[in-house]
Amino acid sequence: MKIYNTLSRRKEEFVPIEPGKVRMYVCGPTVYNLIHIGNARPMIVFDTFRRYLEYKGYEVNYVSNFTDVDDKIIKAAIQEGVDASVISERYIAECKKDMEAMNVKPATTHPKATEEIRGMLDMIRTLIEKGHAYVAEDGTVYYRTRSFKEYGKLSHKNLDDLQGGNRSLLVSGEDQKEDPLDFVLWKPKKEGEPYWTSPWCDGRPGWHIECSVMSKRYLGDEIDIHAGGEDLIFPHHENEIAQSEACNGKIFARYWMHNAFLNIDNRKMSKSLGNFFTVRDISEKYDLQVLRFFMLSAHYRSPLNFSADLMQAAKNGLERITTAAKNLAYRQENGAAGEMTVEEQALVEQSRDFVTKFEAAMDDDANTADALSAIFELVKFANANVSEGTTAAFAAALYDTLKMLADVMGIILEQEEELLDADIEALIAERQAARKEKNFARADEIRNTLLEKGIVLEDTREGVKWKRA
């Protein structure tokens with residue numbers, strides 16, 4: 001298996017630190033609102049890679065954090081007049097709902113920044129003792145960037161080039177810094193903000209220290225794979241390396257994987273452009289299995305453009321696979337009894353070529369686009385060779401192969417179709433029309449149908465309201 005390592009800018013043979021085991025850390029979202037489809041791409045991509053590692057027989061310790069203390073969370077809390085934890089816990093719960101709907105497996109551990117403060121204080125103290133950090137007059141603790149001689153090795157940026165004042169490194173209190181490139185590890189509290197007591201001041205951690213500490217606690221000083229979106233390469237992941245390696249004296253991560261950006265109709269996603277979509281927005285129009293399929297239709301390092309046409313193509317592609325699975329399941333139940341014929345046994349042997357193609361694609365830097373192509377070839381093969389006269393055993397063998405590959409991709413072959421919001425509204429409108437026509441039997445039938453699907457209707461003076469049970 002080969003992985004493109006951002007650190008070396010080339011594909012490298014994957015060799016884990018400990019044979020048979022993989023320690024993997026993926027940066028998670030800041031939970032101040034519903035996750036957007038840009039957040040969804042790394043969730044889906046690296047969940048799929050994790051599934052493939054497990055398919056290959058590895059025991060994977062997969063850690064993905066929630067940043068639950070941040071300026072945006074605090075701002076939202078102030079606007080609502082609630083504690084910051086109310087905001088973060090609300091959106092952690094909503095994020096988990098979206099992840100489940102996208103069939104993203106829960107991480108081995110989902111640590112939260114606010115629960116790891118002790119570890120952050122310990123790491124900051126060690127960095128100060130080793131001369132890699134210093135305390136300013138107001139209690140702010142800064143990382144002494146030039147003390148880490150390899151700073152820039154991930155992003156391939158030169159410290160002298162950064163000296164001009166890269167805005168992504170600058171923060172308030174520039175006059176306290178020894179060097180403009182130094183970054184914050186701990187900052188003093190502000191009025192109305194959550195804070196913790198530290199040896200330097202009452203305050204809260206800088207963003208970068210969180211992941212270094214959580215990775216160390218749950219995976220150890222050295223990890224196999226660190227992953228996230230390419231926007232995190234600099235300065236976040238660069239700063240993680242500087243903190244972790246200066247503190248622990250060991251290589252932080254052997255392999256760095258980064259997914260490319262997601263664009264909307266060939267433009268960067270932005271609220272100001274009116275092309276900003278949450279995962280929940282998409283769920284009103286499509287089953288989120290379609291979103292997952294769409295995300296895997298391109299290589300994770302390639303920019304991906306989101307559009308209605310491409311989502312429809314993804315929906316059609318997914319239906320080709322699920323329809324083939326349904327046909328195989330039907331033939332498995334209704335096919336001829338007995339053992340496979342000699343011809344069928346030969347076809348099963350031939351079908352293993354598609355598994356080989358699938359594995360070759362995934363072994364080549366998790367090329368999910370080519371892996372899906374191998375699944376489509378298997379679907380075409382199954383459609384051409386399974387008919388009324390085939391044995392149930394033959395249909396079962398092909399179904400099992402298809403399901404095995406689909407499971408790696410996180411594609412659910414058998415699922416009850418959930419009504420989309422638009423479908424629900426259409427049925428409610430039909431029910432209202434039936435009631436006006438005094439066709440109460442049809443109106444009751446629609447209400448019962450919706451109830452069976454977990455949709456509860458409430459007739460009010462303002463009209464019909466509904467909710468999912």
Side-chain angles (χ1 to χ4, degrees), residues 24-55 60-68 86-112 115 214 218 227-229 259 262 277-297 300 306 311 314-315 318-319 321-322 325 368 403-424 450 452-456 466-469:
M24 186 171 180
Y25 189 96
V26 180
C27 285
T30 300
V31 283
Y32 66 96
N33 208 328
L34 296 171
I35 60 170
H36 55 72
I37 57 175
N39 299 134
R41 190 175 193 192
M43 288 179 179
I44 291 169
V45 162
F46 298 119
D47 171 72
T48 304
F49 186 59
R50 170 201 185 173
R51 288 168 178 268
Y52 185 63
L53 289 169
E54 291 172 340
Y55 167 85
V60 183
N61 186 350
Y62 188 94
V63 177
S64 186
N65 69 301
F66 290 117
T67 295
D68 62 342
V86 174
I87 300 295
S88 60
E89 288 301 321
R90 176 196 304 164
Y91 289 113
I92 285 173
E94 295 301 326
C95 179
K96 288 181 176 179
K97 286 181 185 177
D98 287 341
M99 290 171 66
E100 182 179 2
M102 295 186 293
N103 199 24
V104 172
K105 294 174 65 173
T108 310
T109 310
H110 277 297
K112 294 182 283 190
E115 296 177 354
M214 289 185 270
Y218 296 101
N259 65 274
L262 178 74
F277 299 113
T278 65
V279 170
R280 203 64 57 85
D281 291 333
I282 301 305
S283 72
E284 294 176 2
K285 297 180 180 179
Y286 300 95
D287 186 299
L288 290 183
Q289 277 280 290
V290 176
L291 181 64
R292 184 180 184 107
F293 189 90
F294 165 76
M295 293 289 186
L296 299 178
S297 64
Y300 76 93
F306 180 93
M311 280 294 285
K315 182 180 180 182
L318 180 61
E319 286 177 353
I321 295 172
T322 55
T368 56
K403 187 175 188 307
M404 177 178 69
L405 302 187
D407 284 348
V408 174
M409 305 303 277
I411 296 171
I412 301 171
L413 296 182
E414 299 174 358
Q415 64 178 138
E416 186 177 344
E417 293 185 8
E418 182 177 309
L419 287 175
L420 300 174
D421 289 7
D423 298 327
I424 295 167
L450 289 170
E452 288 172 5
K453 296 285 187 179
I455 309 301
V456 179
W466 63 270
K467 64 179 180 180
R468 295 185 189 273

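Worth knowing before you read on, the calculation uses all heavy atoms, side chains too, and leaves out hydrogens, waters and symmetry mates.
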How far does [atom1] of [X] sit from [atom2] of [Y], to the nearest 0.5 angstrom?
| X | Y | atom1 | atom2 | result |
| --- | --- | --- | --- | --- |
| Ile87 | Arg90 | CD1 | CZ | 4.0 Å |
| Glu414 | Thr322 | CD | OG1 | 11.0 Å |
| Lys315 | Phe294 | NZ | CZ | 15.5 Å |
| Ile92 | Asp68 | CD1 | CG | 5.0 Å |
| Gln289 | Ile412 | CD | CD1 | 4.0 Å |
| Met102 | Ile282 | CE | CD1 | 11.0 Å |

In the structure I gave you, are the side-chain heavy atoms of [X] and [Y] within less than 4.5 Å of one another anywhere?
| X | Y | value |
| --- | --- | --- |
| Ile321 | Phe293 | yes |
| Leu34 | Tyr91 | yes |
| Leu318 | Ile411 | yes |
| Trp466 | Ile424 | yes |
| Glu115 | Phe66 | no |
| Ile44 | Leu296 | yes |
| Val279 | Met43 | no |

Using atom types as modelled and distance alone, determine if a side-chain donor or acceptor of [X] lies under 3.5 Å from a backbone N or O of [Y].
| X | Y | result |
| --- | --- | --- |
| Asp98 | Cys95 | no |
| Glu54 | Val60 | no |
| Arg280 | Glu94 | yes |
| Thr108 | Asn61 | no |
| Ser283 | Leu288 | no |
| Asn65 | Gly28 | yes |

Closest heavy-atom contact between [X] and [Y]?
| X | Y | answer |
| --- | --- | --- |
| Asn259 | Gly229 | OD1-CA, 3.2 Å |
| Ala40 | Met295 | CB-CE, 4.2 Å |
| Leu53 | Met24 | CD1-SD, 4.4 Å |
| Gly410 | Asn103 | O-ND2, 2.9 Å |
| Phe46 | Gly228 | CE1-N, 3.7 Å |
| Ser64 | Cys27 | OG-C, 4.3 Å |

Q.
Looking at Lys105, I want to see if its NZ is surrounded by more than 12 non-hydrogen atoms of other residues, nucleotides or ligands under 6.0 Å.
A.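 Atom NZ in Lys105 is packed in, count exceeds 12.
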Q. With a cut-off of 6.0 Å (strictly less than), are more than 12 heavy atoms of other residues, nucleotides or ligands near CD of Glu100?
A.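 No, because the 6.0 Å sphere around CD of Glu100 holds 12 heavy atoms or fewer from other groups.
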Q: Only counting residues at least two apart or in another chain, list the ones meeting salt bridge (charged side-chain N to carboxylate O under 4.0 Å, His left out) with Arg292.
A: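 So Arg292 forms a salt bridge (charged side-chain N to carboxylate O under 4.0 Å, His left out) with Asp47.
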Q: Using the side-chain contact (heavy atoms from CB on, under 4.5 Å) rule, take Lys112 and Glu89 through it: C-alpha gap first, then chi angles, then the decisive distance, then the call.
A: CA-CA 10 Å; Lys112 294 182 283 190; Glu89 288 301 321; 2.9 Å; yes
Q: Please work out whether the ring planes of Phe277 and Phe306 are parallel, tilted or perpendicular, with thresholds of 30° and 60°.
A: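 Plane angle between 30° and 60°, so tilted.
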